[in-house]
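Both ligands and their constituent atoms are indexed starting at 1 by order of listing.
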Amino acid sequence: MSDFSLDGKMDLLVTHARTSGFVYQGSEIYDGLANSWDYGPLGVLMKNNIKNAWWKKFIQENPYNVGIDSAIIMNPRVWVATGHVGGFNDPLMDCKKCHTRHRADKLIEAFDPEQHCDGWSNEELMNFIKEHGITCPDCGSTEFTDIRKFGLMFKTHMGVLEDDSAVVYLRPETAQGIFVNFKNVQRTTRKKVPFGIGQIGKAFRNEITPGNFIFRTREFEQMELEFFCKPDTDLEWFDYWRSYCKNFLLTIGLKEENLRLRDHDPKELAFYSKGTTDIEFKFPFGWGELWGIADRTNYDLGRHMEHSKKNLEYLDPETNEKYVPYVVEPSVGVDRMFLAALCDAYDEEQLEKDKRIVMHLHPAIAPYKVAVLPLTKKLSEKATEVYTELSKYFMCEYDVTGQIGKRYRRQDAIGTPLCITVDFDTLNDDTVTIRDRDTMAQIRLPISELKGYIEKYIEL
Ligand code: GAP
């Protein structure tokens, strides 16, 4: 294991991600678009693997949950009901001296990482800044304008008219697509409470301070679950989902020492929430929120009942009791999980003769599962046969150029867990060597056993 500094690690990682095809600067040939990123051939594979892993554990294997895929553009009344229209905004202020713009809550949290400002009023934010003499990070001045709130939702128009009646929003979270479908799903699946509805999809926020690569962007993907339960059972389910999410992160290979659970203190909690825990990850730039797990009580369904005038109560078939279910919501960003996995996996190792960059990604989320490498070009025909067969089941790479050692390094650097080498013995006995990325150990296996071996190896 190398001991490069954490600061340096972020730069190395971004460069590596950009040069190897995980993530490119968005619209790069037009000099980019600030904080927009495109996932390259490796990135899209890894991102899909992360989403598939979440779907497998949260929808397929979990006995309570089903999935949906709702529209990005929703009736704008949804966002009035939730308070996003008018309420979903960031506290901004400008430095009077150098005129740079800052988020008041972020300045406080950078000054004192123990402070968490969710739910603070403008007055509380400003008082803290003044009392502690917090300065402008760009010029050191203590003179700021008053705090103003800045709307975070992207607005557009639907149809040909561009007036106020045609205003619609790009959803800032996927959760509301689930809440508005609660009755549809319950009715059509005949699920009994407790049950959950999950979905994966894009969300958009006009963030003021995007940054740290793909950590905070304006267009991102979320994997959200809304878990509906009987009132007063919510805190038990809250514990269940906290552990479930943490286990998921360990299952996909994140290191326990880079994870911590942070419970929000009562001052930070939204007024309707009975508890919120963030699972934080130790990114190279510091601890940051990865996954939010919130007990949202019956707030969202209650608001939608009030605004839509539709009854979203649940009738318990066993007790004949009617109630508005309580909700526990584990919500996580795909891109943030992707970044955490990259940070955790990236390493530079000094070997006997050379140095290697290696991504110790869990095989289930690694972009390619296998690389097929003919020892020399003369073995291409046999190697292509192996590659063609394995490609039916797994994402495989094929590489014939350069020394075998160099080809192993290339695969290590993009996290391919297994390299299969076709050599001259293969022509006689139909066996190949399989090299393990992490240990670099090699074993010999018959080609007929490869599929079963790889399947086991990449299992979650
Ligand atoms: N429905 C609840 C909700 O959206 P959130 O804490 O605002 O809660 C949940 O977002 C998760 O979505 C975060 O923990 C983070 O992983 C991800 N996320 C939020 N804003 C993001 C952004 N601007 N860029 C990337 N990921 C973001």
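Phe248 and Phe58 have their aromatic ring centers within a separation under 6.0 angstrom.
Between Phe195 and Phe228, the ring planes are tilted. Angles from 30° to 60° get that label. Classified by interplanar angle (parallel below 30°, tilted 30° to 60°, perpendicular above 60°), the ring pair Phe111/Phe128 is perpendicular. Ring-plane geometry between Phe22 and Phe338 is classed as perpendicular, the angle between the planes exceeding 60 degrees on a 0 to 90 degree scale with a lower cut at 30.
Within the 3.5 Å criterion, the main-chain N or O of Pro363 finds a donor-acceptor partner in the side chain of Lys369. In this structure, the side chain of Thr416 does not engage the main chain of Leu418 through any donor-acceptor pair within 3.5 Å.
Counting atoms of ligand 1 from 1 in the listed order, those under 4.0 Å from a heavy atom of Glu329 are 1 (N), 2 (C). If you number the atoms of ligand 1 from 1 as listed, the ones under 4.0 Å from a heavy atom of Ala175 come out as 1 (N). Residue-ligand proximity, Glu224 to ligand 1, at heavy-atom distances under 4.0 Å covers atoms 1 (N), 2 (C), 3 (C), 4 (O). Numbered from 1 in the order shown, with element, the atoms of ligand 1 that lie under 4.0 Å from a heavy atom of Glu207 read 20 (N), 22 (C), 23 (N). Atoms of ligand 1 lying under 4.0 Å from at least one heavy atom of Phe215, given by number and element, are 24 (N), 25 (C), 26 (N). The distance from ligand 1 to the heavy atoms of Glu289 drops below 4.0 Å at these ligand atoms: 6 (O), 13 (C), 14 (O).
At a 4.0 Å heavy-atom cut-off, ligand 1 does not touch Thr174 at all.
Using a 4.0 Å cutoff on heavy atoms, Asp335 does not count as a contact of ligand 1.
With Ser331, Ala203, Pro330, Ala294 as candidates, the residue nearest to atom 8 (O) of ligand 1 on a non-hydrogen basis is Ser331. Counting only non-hydrogen atoms, the option in Phe281, Trp291, Phe220 that gets closest to atom 26 (N) of ligand 1 is Phe220. Looking at Arg218, Arg205, Glu173, Arg336 and measuring to atom 7 (O) of ligand 1, the nearest heavy atom belongs to Arg205. The option from Thr82, Ile279, Thr217 that lies nearest to atom 24 (N) of ligand 1, judged by heavy atoms, is Thr217.
On a distance-only criterion, Ile214 and ligand 1 share no N/O pair closer than 3.5 Å. Checked by distance only, ligand 1 and Gly333 come closer than 3.5 Å through their nitrogen or oxygen atoms.
Rounding to the nearest 0.5 Å gives a distance of 12.0 Å between CD of Glu219 and CG of Asn35. One finds the CG atom of Asp105 at 8.5 Å from the CD1 atom of Ile129 (value rounded to the nearest 0.5 Å).
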Evaluation steps, side chain to side chain donor-acceptor pair (under 3.5 Å), between Thr277 and Asp263: CA-CA 4 Å; Thr277 298; Asp263 297 328; 2.7 Å; yes
